[in-house]
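Notes for the one structure printed next.
Just so you know, ligand 1 is whichever comes first in the structure, and atom 1 is the first atom listed for that ligand.
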Amino acid sequence: MKEALEKIIAEVREHAPGLDNRAAFEAYKATIQGPHGSLTAVMKSMGKVPKEDKPAMGKLINEAKGAVTEALSAALAGIEAAELTAKLGPAIDPTLPASEPVRGSLHPIAQVREEMVALFQRIGFSVAEATEVETEHYCFDALNIPQDHPARDMQDSYYLPDELHMENVGKHADEKYLLRTHTSTVQIRTMLERKPPIRIIAPGRCFRRDTPDATHSANFHQIEGLYVDREVTLTDLKATLDHFVKTIFGAKARTRLRPSFFPFTEPSFEMDFYSPDLGKLSNKWLEIMGCGMVDPEVFKSVGIDPEVYTGFAFGMGIERIAMILQGVDDIRYYYQNDLRFLKQFA
Ligand code: PHE
C-alpha cells in the first residue's frame, strides 16, 4: 500500500504542472481523487487492513492526500493566472488618458533676448551675427581702441593660441586670437560686408576675465545696435533708446544720457532709466547701456566716408536687463541650470 501511495504522489507531481486548462485539470483530478480515482481506491482498501496496522496506514494516507492536494493546487493556481491574463489582454489600458509630455522652455536669458530682438525688429533693425573667437583687429583696433587699453591686457581677456588656425576669423600674422569681449565686433564685420544704410542688432555671447560674483560672470551676453545712414543724429539715438526702455520697462519709464567715454563713439554716453513699476527697484536710476555716435575713426577703418554718413551705436548686457525684469539678484543663477530656478520662468 505504501508503494501504491508513493506511485500516486510521483505521478501527480509529474503530470499536474503540464495541465493548461480547467477542463483538463478537472478530468485529471477525477482520476486521482474522484469516486473512481486511484487515491480513493487506496483509501477504500483501508477497510481490509488489519486493525493494528490501521494507525500507521492512516498516517501514510493523510500524508499522501496532503502531497497530492498541494501539487494539484499549484497547477490550478497556474491555470487561474493564465485565465486572468487572457481576460485582461495586454498589459496596457488604451482607455487611460495619455501622460502629459514634459515640456521644456526657453532659458530666461533667451526669453529676454528674444523679447529685445523682436522689439528692435519691429522698428526696422535686422539681426547680425559674427564669430565669438575674434582677432585683436576686430575686437580693438578697428574700434579705435588703443594698444595700451586695459581691455587688451592678458589679465582681462581670454587670449587663444595661434595654432587655432580659424580660417573664417581672418587673423593677421602679427595679432592674436581672443574670445570677443563685447559685441561691438559685429559693428565692424557688418560695415565691412554691407553698404549703408545699415540698421542691425547683434545679440551674442561675450567673455571677460571677471571673477564671478553677484553681478559678474566670465561669460555673459550683450545686444549691440548700429544704425548708419545719411543724417543719423543723436536725436535718433535718444528716441530709439527711449522707445526701447518704455516698451520693456513700462510706458512711465524715463531715460537719461550721461556723458561717458568709449573709443568707438563720439560723443559717448551711459544711458540710465528709472521706472515707477519695478517693485524694489522703482524710482532709482539704473544704468543699462553704453552708447554714442559712431566715431569717424571707426568709419575710416571700414571704408565708410564720415563726411557722408553718420551713425549711432549702443551695447548692453542682456543679463542686466533680465535681472531687473525678472527680479533676480545674482547673475550666477542663470548659469547653474537648477530646474527649480528655471521653472519659475517657464
Ligand atoms: N561695447 C561697449 C561695452 O562693452 C558698449 C558700447 C557699445 C558702447 C556701443 C557704445 C557703443 O561696454
Quiz item: Is there any ring-ring contact (aromatic ring centres under 6.0 Å, His included) pair reaching into residues 184-240, and which pairs are they, with sequence neighbours excluded?
Solution: Tyr227-Phe312

Quiz item: Can we call the ring centroids of Phe249 and Phe273 under 6.0 Å apart?
Solution: yes

Quiz item: Counting only N and O atoms by type, is there a donor-acceptor contact under 3.5 Å from the side chain of Tyr334 to the main-chain atoms of Val328?
Solution: no

Exercise. Spell out, as yes or no, whether a donor-acceptor pair under 3.5 Å connects the side chain of Gln222 to the backbone of Gly315.
Key: no

Quiz prompt | Residue pairs passing the ring-ring contact (aromatic ring centres under 6.0 Å, His included) test where at least one lies in residues 117-141, sequence neighbours excluded | solution = Phe120-Phe125, Phe120-Phe244, Phe120-Phe314

Starting from the N and O atoms of ligand 1, find every protein N or O within less than 3.5 Å and list the pair with its distance.
from: ligand 1; atom 1: 1 (N); to: His182; atom 2: ND1; distance (Å): 3.0
from: ligand 1; atom 1: 1 (N); to: Ser184; atom 2: OG; distance (Å): 2.9
from: ligand 1; atom 1: 4 (O); to: Arg208; atom 2: NH2; distance (Å): 3.0
from: ligand 1; atom 1: 4 (O); to: Gln222; atom 2: NE2; distance (Å): 3.0

Quiz prompt | Residues which pass side chain to side chain donor-acceptor pair (under 3.5 Å) with Arg209, listed by chain and number, not counting sequence neighbours | solution = none

